[in-house]
Amino acid sequence: MADRQTRPAPQLIKLVYDQLFHSGNSLSRLKEAALGGRLFRSINDGIGVAGRSLAWKLFLLPLEPLEPPPNVPPTPPIDSLRKSRMEYSHLLLDKMRAPDGSYVEGFTVPGLTVPRKDQSGAADLETNNPLSLHDENPWKAWFASVELRKTILQDVERTFPDIGYFRNQDVQQQLTNVLFLYAVMHPDIGYRQGMHELLAPLYFAIDFDSISESSETPGSDFTFQEICSRTWVAADSWALFLSVMRGISRWYEWREAIAVTESNALGANGQVTLKPYVAPIVETCNKIQGTFLRTVDPALYKSMQSAGIEPQIYGIRWLRLLFTREFPMHDAMALWDGLFSCVSSIADTTEWICVAMLIRIRNKLIPSDYSTQLTYLLRYPPTEEGSLNHIILLLRQAAALEMTRTPSTGASLVVENRNILNIPVDIPDPPMGRRRPRPGERGHQVSPSEGHFQGITGAHGENIRSPSHQMGIPELLARGLLDRGESLGINKTFMNAVSELKRNLPDLAASLVRTPSASSASYAAYPLLDERPQEERPSWEPRSRFEMEREVSEMRQLNKRLGESVGWIVDVLLQDEDGIEDAQQLSTIQNKKREALESLSYVRDVLNSGVSNVEEDRLWGADEYKRREEKYQAEASENEGREESSQLNVPRSAPDPVTLPLSNAADNSRKFDNKFASFPRDNRRFSPNTSSATPSSTRGFMRPPGFPLSSKTPPNLVPNTSTSLAPWSYPWTQAPVGSSSGGHSPNTVHPSIPVPPREVTRPLVGLHSYRTANSIIGTHQVADKVADQSPKTQDTTEVQHDPLGVLR
Amino acid sequence: MAEGSNYDFLFKVVLIGDSGVGKSNLLSRFTRNEFHVDSKSTIGVEFATRSINVDGKTVKAQIWDTAGQERYRAITSAYYRGAVGALLVYDIAKHATYDSVTRWLKELRDHADSNIVIMLVGNKSDLKHLRAVPTEEAKAFSTENELSFIETSALDASNVDSAFQTILTGIYRIVSSKSLEQSADPIRAPTSDTIPVAIDSSAPSQSKCC
Ligand SMILES: Nc1nc2c(ncn2[C@@H]2O[C@H](COP(=O)(O)OP(=O)(O)OP(=O)(O)O)[C@@H](O)[C@H]2O)c(=O)[nH]1
Ligand SMILES: [Mg+2]
C-alpha cells in the first residue's frame, strides 16, 4: 500500500503527463486508452498508479475557457485548477471561521494566510456570544457546523480501514474539510454517508502523484509542477469530487417523504396531482433492474423479480460508491479510469455497469432463492480472473449494452463471459428439494430432509458443469438460453430475442466461436477479440482471418445486390413493346429499358473492376430506386413504431469498435505483441502475463457483443478503414457526420447496407442509420431462412420487411 | 452460510440505531465472532446469518444491518419487509444516540409489522468511564415502552450472543404458539423465503389440526 513515502518518482508521473499532453494524442484517443486499460503502465500493481490523477484531472475538469473538440490533443487543465484552488482556499477560510473570527488551532489554508482573530466581529455580545440564546446568534450555525464536521469525521475515520494511508490524521483532516465544504455548499444534499468513500480515492490518487515544491522538476516543466503541486492536493480533490458529484449527487438526494406537487401538476381541469416522493436513487435502481435488465436479460430479470429482490437493496451501495466495495481497490480504480473517460455520463455508464455485473453472475443468481441471491448481490462474488481484464470487459460490456439494448446483446455478454472469464453458460439446476414456502406454510417446520435448500450456497461452485470445450455456440445457446427460455414460457420480448438468436445461429457459429477442432483453434480462443486494424499491422503480418472473413462476407453481400439488380434488369428487358399503342407508355418502357441497360453496364463494371463502393442508385432505374427507397423508409419507420410500442427498446446501435492503441507509448511493446499474436493460444482466458507485457492491442477491445448476434454478417460491420474512435467515444451529438476523409462516415461502416445515399448528409445520420440498419438486420434480414423456427406467427409477418428488396 | 443448510425457522431481524453505535460490529461479533476497531461505515444494506438452537429447534437468524444515517429512507420498505425482530441500538457513551431512540421507535411503528419484537440494546458497555446513559434510565424507559433491554459490548463480546439469543427465543415463543393457527393467517411475504412469522395477535386464534 502506498503511503506517503512510497510515492512514485516524479519521472514516472511525468511520463504519463507527457503521454497525456505532449504526445499529440487527441482527447478521445486518450479516453479510449483509459477505457481499455492502456493508459498506465503498472496498472496491476496496486491502488497507486503513477499519473492516474493527471488523467482524472484531464477527464473530469472542465477545460477552460472552451471545451476543445475531442479530436484535438488536450492542453493541461491548469486554468481550471488555478481557479478551483483559489475558490477552495477562500471557501475554506470563510466557512471555517468561528463567529468571533477565530480559527481552530493550527488551521492553515493553502495559498492564503489565515488572518488573526478579527476583533470587530465580537462587538455585539447580545447576539455574538456562544452562550446567547438569541436566534440570530451566529454561534448556533457554528455549532451546527461543528456537529456536521463530527458526523463527517466519524465516517472519515472509518474510511478504507485496511489502507494505512487513510489512518493519517492530516489526511483525515483534509478529507473532512472537503466533505464539509461540499455539504455547506450543497445544503439540499448535505453530507451523506458514502461521499467519504468517493472522495478518498480521488484524494489518494492526487496525493500519490503530488510533487513537493522543493523537489526539482524533471525537464523543469513548470506546468507539470504546478498541476502536481503538493500544496493543492485537498483543493484538487475538491475539484474532482465536485465533478464526480455533479454526475451522481442525485443518488445521495433525499427529502422527507411528503407529497410533492409536480411543477406541472396543475392539469387542464385545475386539479393538483400529488405524487409521493421517490428518492432518485430508488428510481435509478428500478430502472436498472426493471427496465434495463428486463430488456437485455429477461430470464435473469424474471428470476430476480420472482425471488422478490428489490433493486435498491444492492443498488444503493453499487451506485453511491461507484463499486469501491464490490471490487478490490485496484480493480475499482481501473473501473473509475473507464468511468471517467466514458463519453456518456458517469451516471449512465454506472447504470449499465450494474446491468453487466448482474449478467456476469446470472449463473449464480438464476438458480438461487431469495437469500442466496441477496448474498451474491450484497457480497459480489470475486471474478476469478485475477487480471484487470474483467474490469475492462465490464466497461466494454456496459458500453455495448447501452448502445444496443437488446436481449441479444445480453446473450452475447453471456457468451463473452464464458469465453473470457470462463463463466459457464449453463445454468445449474436448483438443488432438489429446494422450494419456497408456499402460502399456508407459514411457521411451517421444515423437516430436515427438505430443509437443506440452503445448501445451494455451498454447492454452487461444484455444481456448475464446466462446458465442454467441444460444445459449439448453437449448442450452448440452445442449452443455456433458448431451451430454458422456452421451458419457462417467458414473455414475448424474450421469445423475440430467442428467435432473433436462432435466426442468427448459423452466423454465430460461423463467425464467433469455432470448436477447437477447427483449424483456427488459436483464434477461436479469442472469438470476440478485435484483431489489430490493418494499418496498425506491420507489413510482415499476414492478413487476419477476420479480415478475410469480412471480405468474403462483403463479397457475398455485393453479389446478392448485383444479382438483385440483374433480376430487375431482366424483368425490365423482358417487357414487350410490340403491343403497346400509347406513345407515352411506349417511351416510358423504352426509357426503362435504357436505364436497365445502363444499370447492366454498371453491374458489368463493378464485376470487372471490383469496385467496392457500389453506388446504390446506379443499380436501379430512377423509378425503381425511388420505389425501393420509399418502401424502405416506410417500413423502417413503421418498424420503429412497432418496436417502441412493444417496449423492446431495441435498436440503438453503433459501429464496431476497432480501436487503435496509443501509438507512441506502446511502440516497443507492440513489436513484442506481434510475435505473441501469432502464437497459437488455446488457453481460453486472457493470460495476465501476456496482458501486462502487452499493454496495447492483444488485450484491447473485443467486438461489441451486440453485433455478432444481431447481424447476419458481422464482419461487414467492421469498418474497412481506420477508425480512431471506439463507438462509445462518439457522443451521439457528435456523430462524425461528413467527416470526409478517414472513412468515419457511418455509411462506410456499413458498406453492405443499402442506405440511400442522401442519408449520408442527414444530421445525426450515424445514430439514425445504425438504428434502422440494426433493426433491419437484427430482426428481419435472416428471417426467411429460419422463419419456420420462429415461435410466433407474428415473426413471419415481420419477415416481409425487406426495404430494398435486397434480402430475397 | 454453510451452517444454514438445516433449520426449522428462519427469522429476519433488523439492526437499527444511529450511525456509529456499533450495529455492524454487533452483527460481525454475533455471526463471525469478529470485531473491527476500524470498520467501514455501512452503505446501503448488509446482512448475515447465524443459526442458533432454541428448545431443540434450529432457528436461523437472518440479520440485516444498514447505515445509521440512512434511516432506511431509500430502502425503508425493503428493509423492514418480513422482519420479525428489531435490535434498537444506542451507544451508552453517547447520549445523543439514546435520545434518538424515540425517533427510531416511531420509524418502527410507521414501517414495520406492528407485532415486531423490539429489543433496546445499549452497546459499548466496555466504555465504563465514558458512560453517558445510566443503565437504570434505559431500563425504565424499556419497561415503559414494553421493550426488552440489554447492554452489550461488541468489543469484549459481553452479552452479544445473549442479546440475539433472547430476541430470537422471544420470537420463537410467539411463533411456536402461533404456528398452530398458521392457516388462519392471511398475511404473507410472498417475495421472500424467509418464513414470515405471524405475530398478529388480532388474528382469529382458531387452532386447526390435521
Ligand atoms: N468500545 C467499543 N467500541 C465499539 C463497540 N462497538 C463498536 N465500536 C466502535 O464504534 C465504531 C462504529 O462501529 P460500527 O459497528 O461501524 O457502527 P454502526 O452502527 O454500524 O455505524 P453505521 O454503519 O454508520 O450505522 C467503530 O469504530 C467500532 O470499533 C463496542 O462495543 N465498544
Ligand atoms: Mg454499520
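Worth knowing before you read on, the calculation uses all heavy atoms, side chains too, and leaves out hydrogens, waters and symmetry mates. Just so we're on the same page: letters track the sequence lines, and every chain starts at 1.
Among all heavy-atom pairs drawn from B:Ala48 and A:Arg379, the shortest one is CA-NH2, 3.8 Å. A:Gln193 approaches B:Ala67 most closely through the heavy-atom pair OE1-CB, 3.2 Å.
Side-chain atoms of A:Gln154 come within 3.5 Å of backbone N or O of B:Ser19 as a donor-acceptor pair.
For B:Asn53, the side chain to side chain contact (heavy atoms under 4.5 Å, CB included) criterion is met by no residue, not counting sequence neighbours. Every side chain to side chain contact (heavy atoms under 4.5 Å, CB included) that A:Asn286 has, sequence neighbours left out, goes to A:Val282, A:Pro311, A:Gln312.
Applying the salt bridge (Lys or Arg N to Asp or Glu O under 4.0 Å) test to pairs two or more places apart or on separate chains, those with a residue in residues 85-97 of chain B are B:Asp91-B:Lys124.
Heavy-atom pairs under 4.5 Å with chain B were tallied for A:Ile313, A:Thr159, A:Leu319; the largest tally goes to A:Ile313. Of all the listed residues (A:Arg317, A:Arg325, A:Glu157), the one sharing the greatest number of non-hydrogen pairs under 4.5 Å with chain B is A:Arg325.
Heavy atoms closer than 4.5 Å to chain B are found in both the backbone and the side chain of A:Tyr191.
Residues of residues 33-41 of chain B that come closer than 4.5 Å to chain A, counting heavy atoms only, are B:Asp38, B:Ser39, B:Lys40, B:Ser41, ordered by residue number.
Going from atom CD1 of B:Ile43 over to atom CZ of A:Arg192 covers 10.5 Å, rounded to the nearest 0.5 Å. In this structure, CG in A:Leu378 is found 11.0 Å from CG in B:Asp65, a value given to the nearest 0.5 Å.
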